[in-house]
Structure formats: C-alpha cells, structure tokens
Amino acid sequence: MLDLRQLRAEPDTVKAAVARRGEPTAPLDQVMVHDERRRAVVSEADDLRSEVKRISAEVGALHRDGRAGEADELRARSRELGARIDELDAEGEQLSEWIRRILLFVPNMPAEDCPGGSGPDDNVVVRTVGHDPSSFGEHQRVPHWDIGDELGILDIDRAVRMSGAMFAMYRGLGARLVRGLIDYGLDRNRDLYEEIRPPTLVRTETMTSTGHLPKFADDAYQLERDGLWAIPTAEVPLTSLLSGEIVEEADLPMRLMGHTSCFRREAGSAGRDTRGLLRVHEFDKVELYGFCTPEQAHDLHDEILDRAEAAIVDLGLAYRVLDLCTADLGAASARTFDIEVYAPGADRWLEVSSISWCRDYQARRANVRYRPAAGGRTQMVHSLNGSGLAVPRVWAALVETYRRPDGSIEVPEALHPYMGGITSIGPR
RNA sequence: GGAGGGAUGGCAGAGCGGACGAUUGCGACGGUCUUGAAAACCGUUGGGCCUUCAAGGGUCCCGGGGGUUCGAAUCCCCCUCCCUCCGCCA
C-alpha cells in the first residue's frame with residue numbers, strides 16, 4: 001500500500017511514479033479528496049469529544065458534592081454532542097474505508113532506476129551466462145517430459161488422472177532429485193538465513209499483506225469453508241511473520257528462508273505452457289526473504305540476487321538475468337530482477353527466480369515497523385524476496401542440459417552430496 | 001465436536017462505573033554514589049490519528065466488534081484467540 005502521507009505531501013511525484021507503470025492515477029485523486037474530508041471530520045469529532053470529557057468531569061464533580069440535581073443541563077448538552085460525534089465518526093469511518101479500498105488496488109511505485117516499458121519485450125537483459133543456446137548437442141534437444149517418460153522419473157499422465165491438468169508427479173530418482181534440490185537450496189544459504197517452515201494455508205489478511213489479495217484472488221486456491229487460502233509462495237507467510245510487530249533496528253536486516261509447496265491456479269494461463277513442468281499448479285520452492293531498513297535495501301537486494309544466481313551457476317545451467325521494466329513489475333514490487341534458465345530440450349527460457357524489492361509497500365499492509373536506533377518515530381521496514389530455488393523448472397532445465405548421448409542423465413557435482421552419492425540417472 | 005476458565009503496557013500482575021493510558025513489581029535505559037562494578041537512591045521507559053517549522057496541544061487504543069451511560073479497562077451482547085478436561089486423531 002502506498003504511503004498516504006507521501007501522497008499528501010508530494011502528490012505529483014507519487015502519481016508520476018504510478019503512471020510509469022501505465023496505471024491510471026484517477027484513484028489517487030479520489031483518495032486525496034476523501035483524505036482531506038476525513039481529516040476535517042476527525043478534527044471536528046476530536047474537538048467535540050474533548051468537550052464531552054470536560055462535561056463528564058463536571059458531572060462527576062457535582063455527584064461527589066451531592067449536587068447531582070444540577071447536572072441535568074450538562075447531561076443534555078453532552079448527549080447532543082454525542083449524537084453529533086456519532087455522525088462524524090460514521091462519516092470518518094466510511095471515508096477511511098473508501099481510502100483503504102482504493103489504495104489496496106493501487107500497485108507500488110517503481111524505483112527511479114527501474115527501466116520504463118510497456119510489456120515483457122521491454123525487460124532489459126542484464127547479462128547472459130553459460131552456453132549459447134546454439135551450443136547444445138542433439139542429445140540435449142529432448143524435452144524433459146520425454147526424458148521423464150524414458151527414465152521413469154516423471155509421471156505427468158498419472159498426476160493428471162489424480163488432480164487434473166498441470167499437476168506433476170516425480171518418481172524414483174526424479175523424486176529424489178526434487179528432495180535434493182530443496183536441500184541444496186536451503187543448505188547453501190544456511191550461513192545467514194534462518195530456515196522457516198511456515199503454514200501453507202493462511203488467512204485472507206495474510207494474503208492481502210503481500211498484495212496477492214484483493215486484486216489477484218483468481219490466481220489463488222481458496223478454502224472457502226474455512227476462510228483460508230493456499231499460499232502461492234512462502235513470501236506470503238514470511239511477510240506476515242512480524243505483522244503488527246515493532247522490531248529494533250539492531251535486529252535488521254532479518255534474513256529468512258523457507259521451503260514450501262506453492263499453489264497457483266494460473267487462471268490466465270490455461271492452455272499455455274501446458275507441457276511437462278513448464279507451468280504447474282503445485283510445486284516446491286525455496287524462498288529467500290529479508291526485512292531491512294530503507295538504507296539496507298539496495299545491498300540486500302543485490303545479495304539475494306547474487307545468491308539466487310549462484311545457485312544456478314553452481315548447477316552449471318545456462319541462464320540470463322533480466323531487469324524487469326515498469327510494465328512487467330509485480331504489483332508489490334518497486335524493482336525486480338528475474339533469472340531465467342535455458343532449457344535446451346524445450347528450447348525455452350524458463351523463469352526460475354524473481355527477486356523483488358517491495359520497499360515498504362508490503363510492510364505497510366502487514367504493519368511491520370522498526371524503531372530507529374537514533375530514536376524518533378517508528379518506521380515501516382522494507383521487505384525483499386526472491387526464489388532461492390524453484391524446483392520444477394530447475395529440474396526440467398537440469399535433466400535436459402545434463403542428458404548424455406546414451407539417454408542417461410549426469411548428476412551435476414554440486415548435487416552429489418544431496419543424491420546420496422548417485423552420479424547418474426539411467427533407465428530403471 | 002462438548003464442558004469450563006482466561007485475554008490489561010517488554011514481562012508479571014492490580015484495578016471491576018467517575019480525577020485511569022491505567023497502582024505496583026521485574027526488566028531496560030539515563031543519572032547520583034564508586035578506582036571499577038554491585039547494592040542503594042533519583043529519573044525515564046507503548047502505539048495510532050489530527051494539528052504543528054518545532055515545541056506543544058487534542059483525541060483514540062486495557063484481545064476484536066457492537067450496546068448501555070453525561071461518563072466504560074470496569075456493566076451487557078457477539079466474535080476471535082489461548083488454557084484445562086472429555087471426545088476424535090497423524
């Protein structure tokens with residue numbers, strides 16, 4: 001959520017930033033109108049309340065002096081004021097609600113250095129690392145769904161029978177590889193990041209804090225009977241880890257990581273990327289997460305990107321890093337870098353990580369603040385997140401990249417410790 | 001799912017219609033004393049909103065919401081959460 005105070009203080013800056021995304025700014029004008037009225041209403045109500053308190057004190061004094069009979073007029077006056085206060089309060093609440101409802105739908109302001117653009121084509125390729133897409137051999141040009149069948153390590157057909165399209169099931173060493181990748185993703189960040197294993201079903205408020213609700217409800221699985229939602233990423237529960245809390249500046253930056261299942265309805269994607277593991281409704285992911293001060297945010301953003309990237313480098317996959325343009329940015333993000341790995345068999349770049357700096361947008365929704373060491377008002381923290389390792393697409397790029405001419409798969413060295421010493425996956 | 005008991009400041013724990021944003025203890029922070037420390041003593045020690053250059057002022061918050069009243073932490077109703085017992089259960 002945007003900062004109402006900032007909007008009030010520098011409306012042109014805020015509106016220009018939102019406009020850079022191609023978002024309408026009329027809602028912000030509406031917010032400012034409501035805000036001005038609200039302040040007038042609150043101010044008047046407070047003054048009247050002050051008067052009521054004074055009268056009540058007088059009435060109390062008369063009672064103590066045994067002159068209760070003289071209080072009738074005061075009582076009547078106070079009752080009148082009370083009625084007026086009720087009206088003002090009701091109006092104030094209505095205005096607050098309107099403001100909140102509008103603001104919940106307005107996306108974050110892009111960072112100043114976030115590249116402008118009107119669609120995915122305007123994303124900036126920061127660097128491409130690893131092999132050239134043309135450098136892969138014929139034996140690597142087999143898509144992972146075929147490899148999965150061949151080796152019996154991926155069983156899409158039966159997963160679909162159980163759960164429907166875009167669900168996957170791993171078998172044998174394929175399943176082992178999933179587990180290995182998760183541990184690999186966690187262990188390499190254990191030095192600085194506290195491992196969290198959060199719930200995967202969360203309340204509506206929790207989903208609202210990250211910006212996934214109310215606007216993107218169609219993308220999420222909902223358990224209506226219980227008022228719960230299945231998380232699309234560990235970012236959701238991790239953002240709420242400190243909701244409503246005030247931390248000391250000394251506790252920042254706070255680095256967290258979480259492995260969870262992630263659930264996505266992919267409402268707008270029906271029929272696209274349906275083959276194999278390109279896009280699935282349920283998958284495993286290790287998420288890196290950080291709360292920090294505004295001053296620490298840039299460094300922490302770089303750090304999470306470095307770590308997400310290093311995980312791909314050490315697996316020996318070809319990849320590229322994208323600086324997302326204003327049009328492709330997630331609603332909560334001010335700046336996002338994507339990592340895409342190249343899958344030679346599917347001949348596709350697959351997004352495996354999105355490293356976002358959300359400024360105080362999510363913190364304001366979740367109400368996570370810190371007390372500055374130097375004193376002064378509490379401030380909203382900044383939040384950052386990025387996939388440390390998204391299993392299915394890495395799995396896919398991996399088996400395609402490491403397929404040998406004989407059809408078996410070489411397990412990259414970095415994963416040997418996580419595969420119980422198994423170095424090759426052959427037919428069963 | 002059934003029955004009972006709870007929810008107050010960083011923690012513990014008073015208050016049960018009027019001068020209570022809240023006694024007190026602990027903790028934390030600052031000071032006095034001390035070669036230093038401890039002890040003792042003194043002081044400080046929540047958040048939101050409005051207003052303000054600032055200082056200050058106003059107002060709200062005793063789990064959440066509603067009600068009664070001139071006035072609610074205190075009385076009434078609803079909800080949520082926690083604890084104990086029973087049932088069920090990985």
Side-chain angles (χ1 to χ4, degrees), chain A residues 1-10 31-104 197-209 223-229 237 240-252 254 261 360 363-381:
Chain A
M1 202 146 62
L2 296 182
D3 182 4
L4 192 51
R5 276 184 228 220
Q6 190 189 1
L7 177 62
R8 205 183 288 153
E10 34 188 306
V31 164
M32 283 192 290
V33 170
H34 290 331
D35 178 51
E36 198 177 336
R37 174 65 189 152
R38 190 189 126 264
R39 279 145 68 209
V41 164
V42 165
S43 202
E44 188 183 344
D46 278 359
D47 287 348
L48 296 183
R49 236 186 293 272
S50 179
E51 179 69 11
V52 166
K53 284 178 84 165
R54 193 157 43 240
I55 292 173
S56 291
E58 269 186 66
V59 172
L62 288 173
H63 269 275
R64 271 190 301 281
D65 296 349
R67 299 191 291 157
E70 300 171 34
D72 287 351
E73 198 176 315
L74 288 172
R75 258 197 279 272
R77 169 76 182 137
S78 181
R79 225 187 325 246
E80 265 173 46
L81 292 174
R84 177 63 184 147
I85 290 171
D86 284 347
E87 284 173 27
L88 290 167
D89 281 350
E91 188 181 352
E93 273 169 42
Q94 178 65 204
L95 288 163
S96 295
E97 181 55 31
W98 284 343
I99 290 169
R100 182 179 157 74
R101 269 220 296 261
I102 295 169
L103 244 28
L104 277 178
R197 184 79 185 187
T200 47
L201 298 179
V202 299
R203 298 177 192 280
T204 299
E205 307 85 81
T206 306
M207 284 283 280
T208 303
S209 292
L223 285 78
E224 206 169 356
R225 239 160 61 121
D226 301 291
L228 294 170
W229 301 77
S240 287
L241 189 88
L242 298 178
S243 66
E245 298 190 36
I246 300 171
V247 300
E248 299 301 328
E249 182 174 343
D251 296 329
L252 301 174
M254 187 179 291
S261 291
D360 59 3
R364 183 165 292 106
R365 286 172 170 239
N367 195 21
V368 182
R369 292 165 291 172
Y370 75 97
R371 216 183 297 279
R377 301 177 62 87
T378 57
Q379 286 188 51
M380 294 295 167
V381 302

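Letters go in sequence order (proteins before strands), and every chain restarts at 1. This is a predicted model, so every value here is computed, not measured.
Which of B:G58, B:C49, B:C50 sits closest to the side chain of A:S50 comes down to B:G58. Set against B:G58, B:U51, B:C70, the side chain of A:R8 has B:U51 as its closest nucleotide. Residue A:V52 has its side chain nearest to B:G71 when only B:G71, B:G47, B:G18 are considered. Here the side chain of A:R79 is nearest to one of B:G58, B:C70, B:G48, namely B:C70. Counting only heavy atoms from C-beta on, A:R377 has its side chain closest to B:C49 among B:U51, B:C49, B:G47. Of the candidates B:G18, B:U59, B:C49, the closest approach to any side-chain atom of A:S56 belongs to B:G18. Checking B:U51, B:C70, B:G47 against the side-chain heavy atoms of A:R369 singles out B:G47 as nearest. Side-chain proximity of A:H63 to B:G18, B:C50, B:U59: nearest is B:G18.
Judged by Watson-Crick or G-U wobble contacts below 3.5 Å, the nucleotide B:C53 has no partner. Across all strands shown, B:G30 forms a Watson-Crick or G-U wobble pair, both distances under 3.5 Å, with B:C42. Pair check for B:U69 finds none; no Watson-Crick or G-U wobble contact set falls under 3.5 Å. The partner of B:G17, taking Watson-Crick or G-U wobble pairs whose two distances both stay under 3.5 Å, does not exist in any strand shown. Nucleotide B:C89 forms no Watson-Crick or G-U wobble pair with any nucleotide shown, as no partner meets the under 3.5 Å limit on both distances. For B:G6, the paired base is B:C81 (Watson-Crick or G-U wobble, both distances below 3.5 Å). With a 3.5 Å ceiling on both atom-pair distances, B:U35 lacks any Watson-Crick or G-U wobble partner. With a cut-off of 3.5 Å on both pairing distances, B:A22 has no Watson-Crick or G-U wobble partner at all.
One atom, CD of A:E44, and another, P of B:C60, lie 15 Å apart when rounded to the nearest Å. In this structure, the CG atom of A:D72 is 14 Å from the P atom of B:G71, given to the nearest Å. A:D89 places its CG atom 15 Å from the C1' atom of B:G67, with the value rounded to the nearest Å. To the nearest angstrom, P of B:G47 lies 10 Å from CD of A:E248. Atom pair A:E58:CD and B:U69:P shows a separation of 21 Å (rounding to whole Å applied). Counting to the nearest Å, the P atom of B:G46 and the CG atom of A:N367 are 18 Å from each other. For the pair A:I55 CD1 and B:U69 P, the computed distance is 17 Å after rounding to whole Å. Between the CD atom of A:E245 and the P atom of B:G10 there is a distance of 11 Å, given to the nearest Å.
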message = Is there a side chain to side chain donor-acceptor pair (under 3.5 Å) between A:N367 and A:R369? Walk through the geometry before answering.
response = CA-CA 6 Å; A:N367 195 21; A:R369 292 165 291 172; 3.3 Å; yes
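Comparing the same atom, C1', in B:G2 and in B:G18 gives a spacing of 42 Å after rounding to whole Å. The gap from the C1' atom of B:A22 to that of B:G13 amounts to 13 Å, rounded to the nearest Å. Using atom C1' as the reference point in both B:U59 and B:G21, the two lie 12 Å apart (nearest Å). Nucleotides B:U44 and B:U24 are separated by 11 Å at their P atoms, to the nearest Å. Across the C1' atoms, B:U74 and B:C33 are found 44 Å apart, a figure rounded to whole Å. With C1' as the reference atom, B:C70 and B:G65 are 24 Å apart, rounded to whole Å. Atom C1' of B:A73 sits at a distance of 8 Å from the matching atom of B:C20, rounded to the whole Å. One P atom belongs to B:G1, the other to B:G9, and the distance between them is 29 Å to the nearest Å.
Taking 4.0 Å as the cut-off between side-chain N and carboxylate O, A:E80 and A:R84 do not count as a salt-bridged pair. Look at A:E91 and A:R37 and you find a salt bridge, because one of the NZ, NE, NH1 or NH2 atoms lies within 4.0 Å of a carboxylate O, short of that distance. A salt bridge links A:D89 with A:R49; the closest basic N to acidic carboxylate O contact falls under 4.0 Å. Ion pairing between A:R54 and A:E51 holds under the 4.0 Å rule for side-chain N and carboxylate O.
By the 4.5 Å heavy-atom criterion applied to side chains, A:R75 and A:V59 are counted as neighbours. With a 4.5 Å cut-off on side-chain heavy atoms, A:M380 and A:D3 do not count as touching.
A close approach under 4.0 Å does occur between a side-chain nitrogen or oxygen of A:T378 and OP1 or OP2 of B:G48. Between A:R5 and B:C49 there is a side-chain polar atom (N or O) within less than 4.0 angstrom of OP1 or OP2. Dashed line: the shortest gap from a side-chain N or O of A:K53 to OP1 or OP2 of B:A19 is not under 4.0 Å.
Between the OG1 atom of A:T378 and the CD atom of A:E249 there is a distance of 12.5 Å, given to the nearest 0.5 Å.
Looking at which nucleotide of RNA chain B each of A:E51 and A:V59 is closest to, the 5′-most match is held by A:E51. Residue A:G60 is the one, among A:G60 and A:R371, whose nearest nucleotide of RNA chain B lies closer to the 5' end (criterion: closest heavy atom).
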